[in-house]
Amino acid sequence: MATLIRVDQIAAYEGQEVTVRGWVYNRTDKGKLCFLLVRDGYGYVQCVAFKGDLPEELFDRMVRLPQESAVIVQGTVRKDGRAPGIPGGYEISVRDLQIVHEAALDYPMALKEHGVDFALDHRHLWIRMPSQWAVLRVRAKVIQAAREWLNANGFINMDTPILTPNAVEGTTTLFETQYFDEGSAYLTQSGQLYNEANIYAFGKVYCFGPTFRAEKSKTRRHLTEFWMLEPEMAFTDLDGLMEVEEQLISHIVQTVLRECQPELKSLKRDTTRLEKVQPPFPRISYDEAAEILRQIYEQESDPERKELLRFEWGMDFGSPHETELTNRFEKPVFVYGYPTAVKAFYMQPWPGRPEVCKSVDLLAPEGYGEICGGSERIYDYDLLLERIRQHNLPQEAFKWYLDLRKYGSVPHAGFGMGVERVTAWLCGIEHVREAIPFPRTIKRVYP
RNA sequence: UCCUGGCUAGCUCAAUCGGCAGAGCGGGCGGCUGUUAACCGCUAGGUUCGAGGUUCGAGUCCUCGGCCAGGAGCCA
């Protein structure tokens, strides 16, 4: 029995007899010569057979194998620049072939681009195609790299509940569900408040899980269910927060560049700008950003675009503003000190400037927008209570959260990183829905 | 909720001014010893999103409705 190998490690087996188990992604037959492009989950490899290499009956079956048939291939690994695949450059000369399952002939995914609706209706099959496979492998690497960095830097994983009794920020629309006799429960939109409890037990923590927004956002940057990584740190201010963010993001980007080359190459991702993602990232204040946007607005001649870019101090950024701002920087850019009025109730006011708070967003280049949002949190009991009242939040529901300001309260800070947005940015894809295996959008809960 | 665009073969699309509904891929049959979404020949495959209207004649024009997209708003 030849050694069972993974296609991503094929280069190590040049000249050896190996076994690959997988599925037929494409087949080309040229009379007495037949190519199977087989994917095994780790990569895509070309398997070649000449008519004389196999028993006639088996060769005839190989030539007629439908796309997606399951096979076990034995043969010799040969280096050949002509061989397509991921990583490519190696092929297997087939000596024997077992057909585990002959797929039905009506496989709906053609080897070409599909319309969005059709592709998403067949997401369960679409993920087999190289583009989707590559993106989802990068997503997994993003998560792995993030955990690596956090674990190596003193953070402990402390997951937070998905079913929650109330709105975290009181602003956004939540998915509501009946919770036995306890009334309504809501799907979480952030683990942050619980993380703030966790830091007083563990110092530095992070949670990682799905978050839910019932908003009717219909854009390339929104999902109703998305995954967020949320670190939270005791004894940390805004500057300390930005240092952690830029180190974490840089580690993720450099890890993906180092370990996902075949995936990025198959996505035709130009990585020159990603290679520059190293600390420190530029930091500009909201005031400076507002001034830049004012100049951009004045210089814009197209009336339609000018209207989209209209901006006044006090507004939150729209996506046209984010794109214009980030186009002026090579790396992700921090924008800090947003107006208190447009941010959540728990953010620490700027000393001497209560109209501004110690919040920071990290905006990715190339129009990918906000990938992280965070802040220093209010740690004074009376101020937090005042904010809860100002925002008309149910004080009783926040009793535990207020308790945290009574027993050893310290300056602390944290942020959330959107995994799909980071993945979409690194892969250079248009829409975050391809950066999660089974996307949930306002118009889609199937499959 | 608003704005804009789209809906034609299983898929991706074409159809000029309102005048015979087409191609490529995928499927079937045949050919080919280096294909890269192979190529060549043959073949099957249609309620043109739905309803109504204008017209000798509607995929095309008009009205209403449906579905989808991505932008605004909202948000990560």
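In what follows, chains carry the letters A, B, and so on, assigned in the order in which the sequence lines appear, proteins first and then strands, with residues in each chain numbered from 1.
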Between [Y] and [X], is there a side-chain donor-acceptor contact under 3.5 Å, judged purely by atom types and distance?
{"X": "Arg95(A)", "Y": "Thr76(A)", "value": "no"}
{"X": "Gln295(A)", "Y": "Gln299(A)", "value": "no"}
{"X": "Tyr206(A)", "Y": "Arg147(A)", "value": "yes"}

Which part of the nucleic acid, if any, lies within contact of [X], taking any heavy atom under 4.0 Å across all strands shown: a base, the sugar-phosphate backbone alone, or nothing?
{"X": "Arg27(A)", "value": "nothing"}
{"X": "Asp106(A)", "value": "nothing"}
{"X": "Glu91(A)", "value": "base"}
{"X": "Ser319(A)", "value": "sugar-phosphate"}
{"X": "Leu37(A)", "value": "nothing"}
{"X": "Arg444(A)", "value": "nothing"}
{"X": "Asp361(A)", "value": "nothing"}
{"X": "Phe35(A)", "value": "base"}
{"X": "Gln46(A)", "value": "base"}
{"X": "Gly418(A)", "value": "nothing"}
{"X": "Gly85(A)", "value": "nothing"}

Expressed in whole Å, how much space separates the [atom1] atoms belonging to [N] and [M]?
{"N": "G59(B)", "M": "G22(B)", "atom1": "C1'", "value": "12 Å"}
{"N": "A21(B)", "M": "A9(B)", "atom1": "C1'", "value": "10 Å"}
{"N": "A23(B)", "M": "A44(B)", "atom1": "P", "value": "11 Å"}
{"N": "U55(B)", "M": "U60(B)", "atom1": "P", "value": "16 Å"}
{"N": "G46(B)", "M": "A15(B)", "atom1": "P", "value": "22 Å"}
{"N": "C56(B)", "M": "C3(B)", "atom1": "C1'", "value": "40 Å"}
{"N": "G45(B)", "M": "U1(B)", "atom1": "C1'", "value": "43 Å"}
{"N": "G10(B)", "M": "G27(B)", "atom1": "C1'", "value": "9 Å"}

Check: Think Lys306(A) forms a cation-pi with Tyr297(A), using NZ or CZ under 6.0 Å from the six-ring centre and within 45 degrees of its axis?
Finding: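 That pair qualifies as a cation-pi contact.
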
Notebook entry, point to check: Looking at Tyr338(A), is Lys343(A) sitting on its ring face, NZ or CZ under 6.0 Å from the six-membered ring centre and within 45 degrees of the normal?
Noted result: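 Lys343(A) over Tyr338(A) ring: yes.
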
Is there a donor on the side chain of [X] or the base of [N] sitting less than 3.5 Å from an acceptor on the other?
{"X": "Arg78(A)", "N": "G34(B)", "value": "yes"}
{"X": "Lys443(A)", "N": "C67(B)", "value": "no"}
{"X": "Asp117(A)", "N": "C67(B)", "value": "no"}

Item checked: Contact nearer the 5' end of RNA chain B, comparing Ala119(A) with Val116(A) ->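 Per heavy-atom nearest nucleotide, the more 5' residue is Ala119(A).
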
Check: 5'-most contact on RNA chain B: Gly115(A) or Met315(A), nearest heavy atom basis?
Finding: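 So the residue in question is Gly115(A).
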
Notebook entry, point to check: Where the side chain of Thr219(A) is concerned, which of C68(B), A72(B), C11(B) is the nearest nucleotide?
Noted result: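 Taking heavy atoms from C-beta onward, the closest nucleotide is A72(B).
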
Note to self: If you only use heavy atoms from C-beta on, which nucleotide in C11(B), C29(B), G34(B) is closest to the side chain of His114(A)?
What the structure shows: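 For His114(A), the side-chain atoms sit closest to C11(B).
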
Margin query: Between Arg220(A) and Glu430(A), does any NZ, NE, NH1 or NH2 come within less than 4.0 Å of an OD or OE carboxylate oxygen?
Written below: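 Yes, charged N to carboxylate O under 4.0 Å.
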
